[in-house]
Amino acid sequence: MWKIVQCAVQGRGHMQMGIPCQDKTCFLVRNGVTVIALADGAGSARLSHFGAERVTQFICDDLSENFDRYFDAEDGASVKKALVSKTIVALDELSREMDCEIRELASTLQFVAVREERFVLAHIGDGVIGYQKKGELRVASQPENGEFVNTTVFTTSQEALATMKLIKGKVGEIQGFVLMSDGTEVSLYNKKEKKLADVIKKIMNHCLLILPEKVEEQLRAGFEAAVRQATGDDCSMILMVEDREPFKGYSNLAPAEKARLLSLPVFARPRRLRRYDTILHGLESGQTLGELAKILHLKPKYTKKYLKRLAGMNFIERRGEKYYTILIMNA
Amino acid sequence: MENNLLRIEDLVNNPTPRVPVCLCLDISGSMGAVEGECEETGETVFEDGEIWNIVTGGTSRISELQAGVEAFYEEIRADEMTVYSAEICIVTFGDKAVCIEDFANIERQQELPKLCPAGDTAMGEGVNLALDLLERRKQEYQDKGVDYYQPWLVLMTDGKPNGDEEELARAIRRTADMVNNKKLTVFPIGIGSEADMDVLKRFSPTRDPLKLKGLKFREFFVWLSQSLSRTSMSMPGEKIKLDLEGIKGWGEL
């Protein structure tokens with residue numbers, strides 16, 4: 001089973017100019033196929049946010065219906081042709097609905113579709129597609145910019161077919177895939193070394209330990225506070241992580257597993273581990289520092305050290321005066 | 001409690017994409033011409049193909065140009081985005097072409113060298129040097145993995161080119177080809193009534209050159225820095241609409 005989180009925030013430049021967020025993400029799980037898609041609407045195209053939304057929805061639908069046909073095709077060129085021409089048909093329909101030129105709906109496009117042990121991914125334009133394999137982040141598809149940074153290829157460009165990247169393969173030891181737009185690329189992709197930022201691994205890992213809506217909430221906060229500040233562009237990301245050995249929840253772990261999760265020595269003193277148990281269980285319903293200190297029979301300043309450590313691992317969060325456990329306790 | 005999933009220290013630090021700008025400035029003898037209230041001394045001088053009356057008072061073109069370029073630097077320094085993206089280089093041409101300020105981030109560029117009018121108008125040599133420097137800078141960006149925008153060439157003259165004709169023809173051909181291939185944005189600017197607008201037009205196949213009103217260098221350079229600011233924030237596929245109110249004849253970049 002694949003866990004999916006997504007995030008798209010309006011860029012500072014677009015906020016100033018009153019232009020909506022043109023980055024769109026979408027996912028679909030249907031017919032045994034899991035698809036994630038991302039599109040970044042062209043800055044010059046007035047209605048590109050509608051185009052980006054339509055192509056991501058269309059590609060999710062299409063891949064969930066035709067995954068096997070695409071994967072089994074020997075000739076990659078014919079798959080590219082089919083994907084581009086069907087995307088154009090979808091945009092053409094939208095242009096008629098909206099009574100606009102098709103170029104007004106231009107966007108980039110990235111997607112990853114997985115069915116059982118097989119995957120297909122494709123990429124038109126800029127942004128990055130990455131994946132994690134054996135604990136290591138790798139790049140599947142690099143950005144397709146022209147010579148200049150503010151030029152790229154769009155779904156409606158003549159070069160869409162020629163520059164489209166299409167990859168298929170076995171999932172094997174791949175643990176997760178990530179799609180990001182060029183706005184996010186500025187902060188989470190080292191352009192010189194062509195490497196993804198390590199924090200993506202951490203985010204993928206948290207998708208398995210924390211409820212997806214909580215990861216999304218934190219991801220959005222991180223995008224607004226950090227990622228968006230490095231660019232004027234919209235920023236978006238969608239990722240899917242395979243839950244091969246489903247996390248059964250903290251409460252159901254053996255002491256050694258708990259110690260590993262909390263980065264404590266495997267033979268951590270039982271009293272120390274029990275203290276963490278008490279905190280994480282106590283914070284399920286929310287507690288203030290003072291309330292928790294009483295439960296632990298510890299001075300607040302020592303209690304705070306435990307809280308700081310757990311917050312650093314992102315297993316708890318603070319809302320107002322109270323602290324809450326966000327780690328999945330019982331799956 | 002702060003968000004611990006994605007913090008500023010988790011981000012990679014990519015260099016800011018650059019906009020290389022080369023100012024290719026005429027500093028021939030005629031740029032010493034004075035406008036405004038002045039008094040003739042009765043002496044004359046032959047310079048840049050013409051006889052000139054020597055005067056006292058008034059404001060010379062070159063001093064206004066100097067003030068305009070300084071205003072350009074000030075405007076860029078005051079813009080939080082452009083200050084990190086704009087890289088300026090200055091080529092002057094009189095008897096010969098000289099690079100007086102090589103490409104660098106504007107914060108590292110100190111006081112502007114003083115522009116002194118002298119000699120002929122080797123425009124072709126000046127533009128060729130400017131294009132060579134832009135090409136070299138782009139190569140440096142590519143070698144270091146720095147993204148960049150389409151380079152800008154600002155060509156300012158108050159007269160007719162009188163340098164090597166072959167150099168001029170080569171400069172016009174190179175510039176026009178780059179503009180037609182969307183590899184360069186060129187701003188040809190004529191100063192005063194003697195500027196050869198026909199030659200300037202040949203450098204700019206897609207739009208007419210601009211004739212500067214009076215000696216409004218400062219206004220032009222302020223406008224230029226604002227356009228630069230918009231370019232440095234532009235996103236893929238976005239066409240930069242310039243504010244055309246004060247600068248008629250300019251279209252989209």
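Numbered from 1 within each chain, the chains take letters A, B, ... in sequence-line order.
Here OH of B:Tyr148 is found 11.0 Å from CG of A:Asn145. Values are rounded to the nearest 0.5 Å.
Residue B:Phe72 places its CZ atom among more than 12 non-hydrogen atoms of other residues, nucleotides or ligands, all under 6.0 Å distant. Counted within 6.0 Å of NZ on A:Lys304, heavy atoms from surrounding residues, nucleotides or ligands total 12 or fewer; the atom is thus considered open. The environment of CG in B:Asp143 is crowded: more than 12 heavy-atom neighbours from other residues, nucleotides or ligands sit within 6.0 Å. Counting heavy-atom neighbours within 6.0 Å of A:Glu159 CD, excluding the residue itself, gives a total above 12. Other residues, nucleotides and ligands contribute at most 12 non-hydrogen atoms within 6.0 Å of the OH atom of B:Tyr84. By the 6.0 Å contact criterion, CZ on B:Arg170 is enclosed, its count of non-hydrogen atoms from other residues, nucleotides or ligands being greater than 12. For A:Glu213, the CD atom counts as densely surrounded, since its 6.0 Å shell holds more than 12 non-hydrogen atoms of other residues, nucleotides or ligands.
A:Asn190 touches chain B through backbone and side chain together, each having a heavy atom under 4.5 Å away. Both the backbone and the side chain of A:Phe223 have a heavy atom closer than 4.5 Å to some heavy atom of chain B. Only the backbone of A:Glu185 comes within less than 4.5 Å of a heavy atom in chain B; its side chain stays farther off.
Of the listed residues B:Lys138, B:Lys183, B:Lys144, the one with more heavy-atom pairs under 4.5 angstrom with chain A than any other is B:Lys183.
In terms of heavy atoms, B:Asn14 sits closest to A:Lys191 at OD1-N, 2.9 Å. Across all their heavy atoms, A:Ala197 and B:Val12 have their closest contact at CB-CG1, 3.8 Å.
The side-chain heavy atoms of A:Leu188 and B:Leu6, taken from C-beta on, include a pair separated by under 4.5 Å. Between A:Phe148 and B:Pro151 the shortest side-chain heavy-atom distance falls below 4.5 Å.
Shown are A:Val215, A:Ile210, A:Val199; of these, the side chain to side chain contact (heavy atoms under 4.5 Å, CB included) with B:Leu5 is made only by A:Val215.
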